[in-house]
Amino acid sequence: ALSHRPGRRPAAGGRAVRAPWARLAVRPGEPCAPDARAGLAMHALTGFSLVSLLSFGYLSWDWAKPSLVADGPTEASEQPSVAPPQPPHIIFILTDDQGYHDVGYHGSDIETPTLDRLAAEGVKLENYYIQPICTPSRSQLLTGRYQIHTGLQHSIIRPRQPNCLPLDQVTLPQKLQEAGYSTHMVGKWHLGFYRKECLPTRRGFDTFLGSLTGNVDYYTYDNCDGPGVCGFDLHEGESVAWGLSGQYSTMLYAQRVSHILASHSPRQPLFLYVAFQAVHTPLQSPREYLYRYRTMGNVARRKYAAMVTCMDEAVRNITWALKRYGFYNNSVIIFSSDNGGQTFSGGSNWPLRGRKGTYWEGGVRGLGFVHSPLLRRKRRTSRALVHITDWYPTLVGLAGGTVSAADGLDGYDVWPAISEGRASPRTEILHNIDPLYNHARHGSLEGGFGIWNTAVQAAIRVGEWKLLTGDPGYGDWIPPQTLAAFPGSWWNLERMASARQAVWLFNISADPYEREDLAGQRPDVVRALLARLVDYNRTAIPVRYPAENPRAHPDFNGGAWGPWASDEEEEEEEEEARSRSLSRGRRKKKCKICKLRSFFRKLNTRLMSHRI
């Protein structure tokens, strides 16, 4: 409880400063703050009728059946009138591998009535960018920093890698905890777990239910990271949740959200991060959803569509739970995909170019909208430039917290742009610089005007211009694959195989589908954007992509994926590294057993990491 006046926070010199969340719009018809007489009435709770009324209100909250919303729709109860302004409840919903085209309001053949309604009543983000694969998007969401500033520039964090989100960086949930929020995570983590300090409950979340790795079976929660390297991956807190196996993950996660809301007071601000596993592979869906798409010829697309619709209904249940338990009127719901759709697994990014794992628009243009009664301008489409790193400062600002230049964030507070329709403070986006990705065969330093090696994979957006260098990934335009057999002649019409090219330039505002390369016509723009890449690269930290460790095998952890490196082992490794550096250049006699132990350690590491 705050000891000062609600809606204000103390500042230097004793002057009260109005908190950012106190400036949010109030819905027409909401009651005003209670006067002093309401406070006096609280001291007269000796009357039987008032006690009975309070008892009835408590019992009607339905604590006994918190999963009712997840099991089936019910009418939302009247919202309690909370008069004093308070920080909003924040619900961030992240889907996995949902394509740009795979939502109803983008003209899809997939049914998403809940997402369509929430987006129509809120603000659609139609100039919103994410990262092309899982780990980078999640790391930038929770740190507000580009990959080059976290060391996660290359690929994803794999289950057997001794790697995780940098422990020295303050995460979004940690910042919200400082602002008085209760923080909960449900769903996919995929930010490393080799040490206990890397787990969600050690990085700012009060509770956690979900998987630690990148993809698991939707029912058994098994995950294989290569032949014979399989393990169970469903965790509650820091324990393995063996007893929850057999429940479809999308439904399980929605039901857990309902439980959290039922047991939480609306008077305490809540941050709920729901990272659905859907609609990532494997393509699995309950049978009743598949039946809706029985006429769809393409099997992968049919399964994928069923998974999207099931996820849409899970979002509906979460929204009803917010209304039922008194959170909705003071809530901000953010919906986002994590990367482009995987076109070979049923997804579609049409009419954008490319797919998941590429830096074409189909890989980095995200689905996104904000739904909230607190929005000042609703029912509209925003063209403001927004990036996934912007959620960190935006949500901290809504919570009444502060961020400063010392935090080293790459994101911007875009709430005025979203809520009020103002111009976005963001004018450029560094999509990434990955020095470890396969270098383009025809790239060179000369091709980059002597200031940038165009063989390096990189992508940047400045204003209306987008520049790509190196190998951006497969650059095809792939229509939704609704037919059972995709005609090869149609496929070849949109094939783009420019093996001798390493630089592309597009005016994204005029050409959002990236069909007209202007690199040859505008060398001045190319040079200017290459200079920006050079500037960003000067601030990059070394890439952290360690070799896989055989100790991570689930067989050594009771058959489940989980932390395997203890603090003592970490200290021993650091001590060995220091000893090696001190003894470098010295001739030192070593025992035979030490040599053998070092030899086999290196051999195992090479064998296990050869697949990378």
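Computed from a prediction, not measured in an experiment: that's the story for all the values here. Nothing fancy with the numbering, it's 1 onward along the sequence.
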Inset, instruction - Compute whether any side-chain donor of one residue and acceptor of the other, for Thr183 and Gln177, lie under 3.5 angstrom apart. - result: yes
Inset, instruction - Could you tell me whether Glu126 and Lys124 have a side-chain N and a carboxylate O separated by less than 4.0 Å? - result: no
Legend entry - Carboxylate-amine/guanidinium proximity below 4.0 Å for Lys356 and Asp96: no
Legend entry - Proximity of His371 and Phe335 rings by center, below 6.0 Å: no
Legend entry - Residues Lys188 and Asp338 bridged, charged N to O under 4.0 Å: no
Inset, instruction - On the 0 to 90° scale, with breaks at 30° and 60°, tag the His184-His264 ring pair as parallel, tilted or perpendicular. - result: perpendicular
Inset, instruction - Assign the ring pair Phe205 / Trp189 to parallel, tilted or perpendicular, where the plane angle (0 to 90°) is split at 30° and 60°. - result: perpendicular
Inset, instruction - Dump the intermediate steps for side chain to side chain contact (heavy atoms under 4.5 Å, CB included) on Tyr289 and Glu313, then the final yes or no. - result: CA-CA 11 Å; Tyr289 295 95; Glu313 292 194 5; 2.9 Å; yes
Legend entry - Separation between OG of Ser211 and NE2 of His280, rounded to the nearest 0.5 Å: 10.0 Å
Legend entry - Charged tip of Lys466 within 45° of Phe506 ring normal and under 6.0 Å: no
Legend entry - Flag for Asp217-Gln284: side-chain donor and acceptor within less than 3.5 Å: yes
Inset, instruction - Determine, step by step, whether His431 and Tyr129 satisfy the ring pair (Phe, Tyr, Trp, His ring centres under 6.0 Å) criterion, reporting the C-alpha distance in whole Å, the side-chain angles of both residues, the deciding distance to 0.1 Å, and the verdict. - result: CA-CA 9 Å; His431 293 297; Tyr129 286 87; 5.6 Å; yes
Inset, instruction - Considering only NZ, NE, NH1 and NH2 on the basic side and carboxylate oxygens on the acidic side, decide whether Arg256 and Glu236 come within less than 4.0 Å. - result: yes
Inset, instruction - Please report the C-alpha distance between His89 and Leu322 in whole Å, then the side-chain angles of each, then the deciding distance to 0.1 Å, and finally whether the side chain to side chain contact (heavy atoms under 4.5 Å, CB included) criterion is met. - result: CA-CA 10 Å; His89 307 294; Leu322 289 170; 5.9 Å; no
Legend entry - From Gln277 atom CD to Ser249 atom OG, the distance as rounded to the nearest 0.5 Å: 4.0 Å
Legend entry - side chain to side chain contact (heavy atoms under 4.5 Å, CB included) assessment of Val364 paired with Tyr359: CA-CA 6 Å; Val364 297; Tyr359 288 96; 4.2 Å; yes
Inset, instruction - Give a yes-or-no answer on whether the side chains of Thr319 and Arg117 include a donor-acceptor pair shorter than 3.5 Å. - result: no
Inset, instruction - Could you please spell out the steps behind the side chain to side chain donor-acceptor pair (under 3.5 Å) verdict for Ser108 and His106? - result: CA-CA 6 Å; Ser108 176; His106 279 175; over 6 Å; no
Inset, instruction - Any chance you could measure Leu395, atom CG, to Asp390, atom CG, to the nearest 0.5 Å? - result: 10.0 Å
Inset, instruction - Specify whether Trp391 and Phe92 have parallel, tilted or perpendicular ring planes, treating 30° as the upper limit for parallel and 60° as the lower limit for perpendicular. - result: perpendicular
Inset, instruction - Return yes if a side-chain donor-acceptor contact under 3.5 Å exists between Ser182 and Gln268, otherwise no. - result: no
Inset, instruction - Hey, could you give me the CZ/CG distance between Phe271 and Leu172, rounded to the nearest 0.5 Å? - result: 4.5 Å
Inset, instruction - Evaluate the ring planes of Tyr146 and His149, with Trp represented by its six-membered ring, and classify them as parallel (under 30°), tilted (30 to 60°) or perpendicular (over 60°). - result: tilted
Legend entry - Candidates Thr95, Thr114, Thr112 - the one meeting side chain to side chain donor-acceptor pair (under 3.5 Å) with Asp312: Thr114
Inset, instruction - Only one of Ile478, Ile110, Asp102 passes side chain to side chain contact (heavy atoms under 4.5 Å, CB included) with Ser348; say which it is. - result: Asp102
Legend entry - Value rounded to 0.5 Å, distance of OH in Tyr325 from CG in Leu270: 14.0 Å
Legend entry - From Asp233, Val216, Leu244, Thr213, residue fulfilling side chain to side chain contact (heavy atoms under 4.5 Å, CB included) relative to Tyr221: Val216
Inset, instruction - List the steps, then state whether side chain to side chain contact (heavy atoms under 4.5 Å, CB included) holds for Ile388 with Tyr128. - result: CA-CA 8 Å; Ile388 195 167; Tyr128 173 55; 3.9 Å; yes
Legend entry - From NE2 (His101) to CG (Leu367), nearest 0.5 Å: 11.0 Å
